[in-house]
Amino acid sequence: QVQLVESGGGLVQAGGSLRLSCAASGRTSSNSVMGWFRQAPGKEREFVAAINWSGANIYSTDSVKARFTISRDNAKKTMYLQMNSLKPEDTAVYYCAASARFGVTANEYDYWGQGTQVTVSS
């Protein structure tokens with residue numbers, strides 16, 4: 001089992017920045033790929049970014065590629081999402097997830113955190 005806990009969400013004005021963290025515990029070695037997803041009210045959960053164990057393989061969705069940076073610190077078992085130049089359309093609940101393989105769809109991930117709310121005001 002893997003437990004994931006997100007933190008760092010909040011309310012920010014458009015153009016501002018936030019850094020989300022995802023702390024992992026449990027059998028993390030067998031679920032070495034970690035990813036961020038988000039879900040806005042009335043919308044489906046969508047992929048944001050993913051990173052493999054070494055950090056050599058990173059993929060981000062086009063809408064955030066120039067603004068968000070995913071990273072991880074394996075010694076701390078923590079993944080991060082640095083979000084800059086935030087827009088109102090980035091408002092959503094952000095979830096971290098873990099998987100044994102690299103993927104961009106929610107059903108490829110086995111473990112999920114409880115989510116953290118990000119609200120961007122205009």
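None of the values given here were measured: they were computed from a predicted structure.
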When rounded to the nearest 0.5 angstrom, what is the spacing between [atom1] in [X] and [atom2] in [Y]?
X      : Y      : atom1 : atom2 : answer
Ser63  : Phe68  : OG    : CZ    : 7.5 Å
Gln13  : Ser121 : CD    : OG    : 5.0 Å
Arg72  : Ser32  : CZ    : OG    : 6.5 Å
Asn52  : Ile58  : CG    : CD1   : 7.5 Å
Gln114 : Glu6   : CD    : CD    : 4.5 Å

Testing the basics here: between [X] and [Y], what is the closest heavy-atom pair and its distance to 0.1 Å?
X      : Y      : answer
Phe47  : Val104 : CB-O, 3.1 Å
Ala40  : Ala92  : N-CB, 3.8 Å
Val93  : Gln117 : CG2-OE1, 3.2 Å
Pro88  : Ala14  : CD-CB, 4.1 Å
Tyr109 : Gly103 : OH-O, 2.7 Å

- Does Tyr95 share a hydrophobic cluster with Val5, counting links as ILVMFWY side-chain heavy atoms below 4.5 Å and allowing steps through other members?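 Per the 4.5 Å side-chain linkage, Tyr95 and Val5 are not co-clustered.
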- Task: Would you please test Tyr59 and Phe102 for ring-ring contact (aromatic ring centres under 6.0 Å, His included) and show each step?
- Result: CA-CA 9 Å; Tyr59 183 75; Phe102 205 93; 7.3 Å; no
- Task: Could you please spell out the steps behind the side-chain contact (heavy atoms from CB on, under 4.5 Å) verdict for Val33 and Glu108?
- Result: CA-CA 10 Å; Val33 176; Glu108 295 177 279; over 6 Å; no
- Query: Could Lys87 and Asp90 be called an ion pair, given the rule that one side-chain N must be under 4.0 Å from one carboxylate O?
  - Reply: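 Looking at Asp90 together with Lys87, the answer is no, because their closest N to O distance does not fall below 4.0 Å.
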- Please report the C-alpha distance between Tyr80 and Thr69 in whole Å, then the side-chain angles of each, then the deciding distance to 0.1 Å, and finally whether the side-chain contact (heavy atoms from CB on, under 4.5 Å) criterion is met. CA-CA 8 Å; Tyr80 305 98; Thr69 302; over 6 Å; no
- Query: When you look at Leu20 and Met83, which way does the side-chain contact (heavy atoms from CB on, under 4.5 Å) test go after all the steps?
  - Reply: CA-CA 8 Å; Leu20 305 183; Met83 305 187 295; 3.8 Å; yes
- Met79 and Leu81: side-chain contact (heavy atoms from CB on, under 4.5 Å), yes or no, with the steps? CA-CA 7 Å; Met79 174 180 65; Leu81 186 68; over 6 Å; no
- Query: Backbone N or O of Thr105 within a donor-acceptor pair of the Arg45 side chain at under 3.5 Å?
  - Reply: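 Checked: no pair found.
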